[in-house]
Student: 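Take a look at this one; I'll ask things after.
Reminder, nothing fancy here: chain letters follow the sequence lines and each chain counts from 1.
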Number of protein chains: 4
Amino acid sequence: MAKVSVIGATGYTGAELIKIFINHPEAEIAHITSGSAAGKRYSEVYPAFLGLCDTILTDNDYEKIADDSDAVFLCLPHGASMDAAAILRARGVKVFDLSADYRLNDPVLYEKTYKAVHKRPDTLKTAVYGLAEIFETEIKNSGLVAVPGCYPTSVLIPLIPLLLEKAIDSSVLIADCKSGVSGAGKKVTEITHFCEANEDLKPYNIFSHRHKPEIDHILKRAVGIESDIVFTPHLTPLIRGMLSTIYTRSGKQPEKLMDIWRKAYDGKPMVRIRTDGSVPCIKYVAGTPFIDIAMYKQGDNLVIVSALDNLMKGASAQAVQCFNLCMGFNIKAGLL
Amino acid sequence: MAKVSVIGATGYTGAELIKIFINHPEAEIAHITSGSAAGKRYSEVYPAFLGLCDTILTDNDYEKIADDSDAVFLCLPHGASMDAAAILRARGVKVFDLSADYRLNDPVLYEKTYKAVHKRPDTLKTAVYGLAEIFETEIKNSGLVAVPGCYPTSVLIPLIPLLLEKAIDSSVLIADCKSGVSGAGKKVTEITHFCEANEDLKPYNIFSHRHKPEIDHILKRAVGIESDIVFTPHLTPLIRGMLSTIYTRSGKQPEKLMDIWRKAYDGKPMVRIRTDGSVPCIKYVAGTPFIDIAMYKQGDNLVIVSALDNLMKGASAQAVQCFNLCMGFNIKAGLL
Amino acid sequence: MAKVSVIGATGYTGAELIKIFINHPEAEIAHITSGSAAGKRYSEVYPAFLGLCDTILTDNDYEKIADDSDAVFLCLPHGASMDAAAILRARGVKVFDLSADYRLNDPVLYEKTYKAVHKRPDTLKTAVYGLAEIFETEIKNSGLVAVPGCYPTSVLIPLIPLLLEKAIDSSVLIADCKSGVSGAGKKVTEITHFCEANEDLKPYNIFSHRHKPEIDHILKRAVGIESDIVFTPHLTPLIRGMLSTIYTRSGKQPEKLMDIWRKAYDGKPMVRIRTDGSVPCIKYVAGTPFIDIAMYKQGDNLVIVSALDNLMKGASAQAVQCFNLCMGFNIKAGLL
Amino acid sequence: MAKVSVIGATGYTGAELIKIFINHPEAEIAHITSGSAAGKRYSEVYPAFLGLCDTILTDNDYEKIADDSDAVFLCLPHGASMDAAAILRARGVKVFDLSADYRLNDPVLYEKTYKAVHKRPDTLKTAVYGLAEIFETEIKNSGLVAVPGCYPTSVLIPLIPLLLEKAIDSSVLIADCKSGVSGAGKKVTEITHFCEANEDLKPYNIFSHRHKPEIDHILKRAVGIESDIVFTPHLTPLIRGMLSTIYTRSGKQPEKLMDIWRKAYDGKPMVRIRTDGSVPCIKYVAGTPFIDIAMYKQGDNLVIVSALDNLMKGASAQAVQCFNLCMGFNIKAGLL
């Protein structure tokens, strides 16, 4: 049994990891930590876990954690993972970072995007991007995995195979993305107050969201192109889930485009290509590790729709996919 | 035109008052104030009001406000209304206080309930309880009206006439009350986070909610009985509205009980007695100044259901009802 | 006082019209009708209207209705308005049709879009398109107004002034539109079941929604261009409201584009241009006759956001705007 | 591996059973059937199940089903299970009926409650009531289990141990129960339309709900008392979950009452007694097989709160608990 620890276990992605590892057949929990709730039982913080996870939360003592863990999942705010990852890596522990700290492996772009200097540019170079279906080999051989953001996952999974085959026009990429409120995290804010978020729907951070450079950056790494995606995130009145409607152009036949997807995702159980006429939607993927994708074409206009659970394929389930790859476990272990 | 000011206009009850007074045929807004947002336009704080109320919010300069206002509505936190009301009353302004500061006109009970000494026990004695249909005469002759809490309104309106006629058993009074999230106010808290409140439903403050002594206190004032109501509030996943299911016992015929209600609320347009088989529900009253009531009987068991909008009949619309009474306006003015 | 009748008053748009006309200072209700509920009081069908509208619903006796009405609002299913409008027009009554029957004044396009022959092509030619701010003069002089669809309103209001000035690239028009569930009407269907619609979000009718030809058709009438808009409607888990995110390209400066809007909508109170940094969202417009619009630009990429209430500016409030224009009333009468 | 079949697999409780049996370590699915969708793949009806359950739905051929199954779950409308259960029992298959057909083992009471003659009064006598923690021994030895209604489960689990010990006043039993919309089933109705159910909350079937006689009937069987519970169900705007607030009286000390619960539910993992100050709520139990219970006392007034997922402990998970008991499996198998 692999021993795993979850750092910052009291946020939403941490809670999903706990839920997954309670049932993971190849792993057991070593430590779960919290900066603010150390000393409390997990089920005190999350009463839903009574009888399921009554483990005591501890402090972030990384040396102790490294001694007792084969793998560590970092659910920390941006900026806080850098040092933790470096310390843990130095002791040979595999690290899965759910923050943005290791997603952009260019310190200049990181600084520009996150308005802070990256403190571990050396470690940054060794990180792989944990888009499990795309960077499978790199992930298997890596010790530091940057788990992708939810929006980038929803956009990159459908686009990368088509761009690799030059089947769509990379100069026209528009992603209109809709996220549930859990994407904004557990922190209380005016925008996530029930009376503000419910019965509302709004775009935010138009042209300025930090997942836009992440998408372009990964398209360069994965496809080798210089893209400038138009990306508009929207906050929608539901708890979990993300739907992305992507607009591009293509001169290829629909069946040809579908073949590219089929070939790319053959044997990848978390990507479900909808060919049965059903349209991807949040209801079908909420609470699951799947990303559903489908496409629609009229003339050269191509509309791609993807749906995933922002806390699962968009965060914790994808982290566990990467963990399964790294450890040589079945990719579905603990997830299906 | 009466000149009205709203103090603490940026909370939910303040916003409802602004909405009402924009359209009130007999009143115009003199000042609107905010402790935290003074200097801003109201529509900056509430972009929904763009073009409807672009007035600049000012500080709480009560002397200036008193000079320019016939009536002032206090939408302040509990404890903060005491002094404001006293200053304004001293200058002859009519005051409608939406906090709890003047609801319990017994300083000892106030202190016990709110864990704070009442600073203006003299003014407290002059306050009337603004349950508009019950204390109509007192309200007309008063200068200081304590606008009732939302839960007490939903329970007292159906119960008082029946208790006055000794038609129900005052020793068995159980109120199971369900409130929308706006009842918890605009402040951001963990409990009002969309991801916590949505798809949830929970009781809170069982046996310890401050509206329980308010209900018993007013039953004593209105009916002269010593009651000990069992009162359980619940937080429900909707924005605005309140439904109360009240359990008591009665040996009287249903038609007799209905007659008591009909007589009590004849000519009171905000109380709608449902005799058409439709059951009171939140949908029918949300956004309106109504309280809908109905009753159901089997043997001696009597179930009473009431529904109102917690921000309207449960707060701001009732405040304006009282204002209309005080000023001699039509009771419906600005409300229907 | 103008006498108005509402045909098919028990659907959602009918209910909004009743709500508006209860308070309209220049109009009074003559008849309200229902095919299925004739003989019942309106408040029996909609218990929320108890004490507000207890009028008896009658049959669709158009001759009687014509005798007693100055204006008639048709809230009928597509296909059912054609004859009704023709009969009423023949008797000189002003008609406001909320169905799609008179929106496409080309019988061939109508047939292609609605898979049915238009039975009154002669009357069709006389109909004007009730986009109140754009076709103001035609509406004033008309007796038959086709009230626009909700999606077209949300897309056309921001686009038409910019296209008239050739300020944006008409060959790149993408509208990603999100609608509340009331847009699907009152009929019970699997898709509108609470357990299906809640916590879900999905696109539907991709490349096949009937509002796509309506948008292109009106762009031709209003601007004289041949467009081929990419239009993707989405069903979102909220009751009322619509948000459209529109993607196009422009070489003009943002301030120049804003000036075009300002000039076009100067003195049009229902169009609110957001220049204060606040982003249009459903919360700000739900329950109001407003459409809020804003734009965001980076390089040549232009993102336009519009928000409206699909039952108000997207249907009934816009119908009343047209009525106010036709009758010479203040455009705001009954609406603000 | 036990072979199980699910009859009427396309309703909500059927879907939950499929979800459970996909992961049940001791069981595999033999047949899944549907009256209306036979011939389709399950994932065509429920696209969420793509890749998880693509089994073809078959007709209700009970002889074939009996041949291939060790246990059969009936998710049929009331009235339709009677014959199916009798046929299957005659062939020795264990039957778990999620309808109400076998809950009241008194044909007279059945007829009075369901307005229909029970066609299999002989089989009815052999049925046990599948309240898993209460009738454990009977269930183990039975071949026909009537899975309890959701409301009765939420009320009986907390009450039975206290009534058995005569610790509460059985003449004062009031259950104010709040259910999510999925309790009304998958059928489309006006009451479950998103625009009606959302932002609403209403009581229904006051004094006339069929779960009221079920509760009294089981109290007689389990405790031997003649009760007359006051039971008010409410429809609340959430998908899944049920919260019951129960009012009774007791002269016993709280700790004494808690001891009764602790003793009764020691070693019963699906009953979680909340002693940590957290209040039972829907969020903690949604999607789980748990029922959470807690109590609050002031004077002799006792308030009991229970929470469960109406589709899980209130239906399918409880059915699987009974199945696990019958088959000698771990009670948690497939559920935790």
Side-chain angles (χ1 to χ4, degrees), chain A residues 15-16 19 22-23 25 40-54 182 194-195 198-200 237-241 265 267-294 305 307-309 332-336, chain D residues 12 15-16 19 22-23 25 40-54 182 194-195 198-200 237-241 265 267-294 307-309 332-336:
Chain A
E16 291 302 308
K19 221 181 284 175
I22 286 171
N23 291 305
K40 288 190 186 170
R41 284 185 295 110
Y42 195 66
S43 53
E44 278 178 87
V45 181
Y46 276 105
F49 283 84
L50 184 65
L52 296 174
C53 180
D54 300 306
S182 63
F194 181 85
C195 299
N198 198 35
E199 295 292 305
D200 195 14
L238 52 91
I239 298 174
R240 49 197 293 167
Y265 294 121
K268 315 279 184 195
M270 302 317 179
V271 180
R272 298 194 301 190
I273 305 169
R274 295 244 158 230
T275 57
D276 58 351
S278 65
V279 178
C281 69
I282 282 174
K283 184 75 62 176
Y284 300 162
V285 295
T288 83
F290 296 121
I291 175 170
D292 283 8
I293 58 176
V305 181
L308 54 76
D309 183 323
K332 300 182 191 176
L335 296 174
L336 285 179
Chain D
Y12 288 147
E16 291 301 308
K19 218 181 287 175
I22 287 171
N23 291 304
K40 289 191 186 170
R41 285 184 295 110
Y42 195 67
S43 52
E44 279 178 87
V45 182
Y46 277 105
F49 282 84
L50 183 65
L52 296 174
C53 180
D54 299 307
S182 63
F194 181 84
C195 299
N198 198 35
E199 296 292 305
D200 195 14
L238 51 94
I239 298 174
R240 49 197 294 168
Y265 294 122
K268 315 281 184 194
M270 302 316 178
V271 181
R272 298 194 300 190
I273 306 169
R274 295 245 158 228
T275 57
D276 58 351
S278 64
V279 178
C281 69
I282 282 174
K283 184 75 59 174
Y284 300 161
V285 296
T288 83
F290 297 120
I291 174 170
D292 283 8
I293 57 176
L308 54 76
D309 182 322
K332 300 183 193 177
L335 296 174
L336 284 180

Student: Identify which one of A/Leu52, A/Asn23, A/Ile22 satisfies the side-chain contact (heavy atoms from CB on, under 4.5 Å) criterion when paired with D/Leu336.
Tutor: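 By the side-chain contact (heavy atoms from CB on, under 4.5 Å) criterion, D/Leu336 pairs with just one of A/Leu52, A/Asn23, A/Ile22: A/Leu52.
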
Student: Suppose we screen for salt bridge (Lys or Arg N to Asp or Glu O under 4.0 Å). Which residues come up paired with D/Arg272, at least two apart in sequence or across chains?
Tutor: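 If we apply the salt bridge (Lys or Arg N to Asp or Glu O under 4.0 Å) test to D/Arg272, skipping adjacent residues, the hits are D/Asp292.
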
Student: Considering heavy atoms only, which positions within residues 278-290 of chain A lie below 4.5 Å of chain D?
Tutor: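 Heavy-atom contacts from residues 278-290 of chain A to chain D are A/Ser278, A/Lys283, A/Tyr284, A/Phe290.
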
Student: Any side-chain heavy-atom pair from D/Asp276 and A/Glu44 closer than 4.5 angstrom?
Tutor: no

